[in-house]
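Since the structure comes first, as structure tokens, the remarks are kept for the end.
Order of appearance sets the numbers: ligands from 1, and atoms from 1 within every ligand.
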Amino acid sequence: MSRQVPLNLRDLDLPAMAAALGGYGVDAAKATRVFAAVHRDGVARVDGLDWLSAPIRRALAADAVFPDLEIVERRRAADGFVKYLLHLPDGGRIEAVRIPLPDPDDARDLKRRRQRGEAAGLVALPTAKYTLCISSQLGCALACDFCATGRLRPAGGVRNLAVWEMLAQVRAMRAEADHPVCGVLFLGMGEPLLNYDNVIRTAQILSHPAGPAIAGESISLSTVGVAPAIRRFAAERHRFRLIISLAAATGEARLPLMPAEGRWPLAEIMVAVREYAAVCRSRVTFAYVGISGVNMGREDARKLVELLAGLRAKVTLIDVNDDSGRYHPPTDDEVRGFRDELLAHHIPVSRRYAGGREIGAACGTLAATRAGGAVF
Ligand code: SF4
């Protein structure tokens, strides 16, 4: 038996792998072992599957391929963030970021000490684990006004990444991680819900007990609000989490910052989010990109409170990182006023640490740049 199209084992979830391998005489139990070898152990040759019979291995070796992405560069920031620049087979370049996280007990203890005024705001804690931020598209067509990825113009146009191209980012960073990898964020280049099928399949492989076995609840998809895909996500009842990215609480204020508002208006997004909230076991996370003098006034916060009324929601404030210099992060006073307004209405709010700034690894800065930090 020989195929016209190579059999890319790195692109297959378990049902697809069992179906493909069935044609070579591999039973379901052995197909699960192949799945684990490929996706958990990183096997890259049919020779490594030495528990398959010799005739099956010979037939598979003629057809199977194990493509990989080339790591062009790694840059480490002083705060431990590491940005990977990776080369795609068609010449495009994408980025992924390894984010260090402390032990949760250490983080809680630091929070308590800060509340008592016994510790400075930012005390570096030892790394205990990592979460990985990966790209889902080459470039992004949604062109948010504050985002470097949205300003990229890939030579062949924006395109969706294949399942294996997303898994390859995780595999590359996992292979070099000196602590466990406990989560994955689809928060890098691209809008994951515009690459819905591939992103969900990638998340399913990553969370499969026979695969990398990353907890489904620790896999998050960050979206600007592709309303029909949010409704589909809710109906399919995935364990993965959605993060809804806002930059304003009204459509009018949002449109100049996020042109996608013209396609999926905030009102429509919120109807979809309420469907998701009804099946989500925890609070729905809203990421709010804070821009000084633009969207961080008390009135902006009050509008956000109105938008989230009746929802079990929490808000993560993200300082804008605009390398064009037009937008600036909020001042401490703006953050305090905004946060107080939300807390007064019992909406939990936190401020995301923007790590890896000097290597262009912070949210909104992924643009395949090569500056800063230490190359290794
Ligand atoms: S913020 Fe996200 S959706 Fe907007 S342009 Fe950047 S990558 Fe695309």
For ligand 1, which atoms sit closer than 4.0 Å to a heavy atom of [X]?
{"X": "Val224", "value": "3 (S)"}
{"X": "Gly190", "value": "7 (S)"}
{"X": "Cys140", "value": "3 (S), 5 (S), 7 (S), 8 (Fe)"}
{"X": "Ala143", "value": "5 (S)"}

Checklist entry - Taking everything shown except Arg116 itself, do over 12 heavy atoms lie less than 6.0 Å from its CZ? => result yes
Next on the checklist: Assess, by modelled atom type and distance only, whether the side chains of Thr223 and Glu191 contain a donor and an acceptor separated by less than 3.5 Å.
Outcome noted: yes
Item to check | Inter-residue atom distance Leu304.CG - His345.NE2, 0.5 Å rounding | outcome: 11.0 Å
Checklist entry - Does Cys144 bring an N, O or S atom to under 2.8 Å of atom 4 (Fe) of ligand 1? => result yes
Item to check | Per atom 1 (S) of ligand 1, closest listed option by heavy atom (Pro192, Ala260, Ala287, Cys147) | outcome: Cys147
Item to check | Donor-acceptor under 3.5 Å (Gln169 side chain, Ser135 main chain) | outcome: yes
Next on the checklist: Between Glu176 and Arg98, does any NZ, NE, NH1 or NH2 come within less than 4.0 Å of an OD or OE carboxylate oxygen?
Outcome noted: no
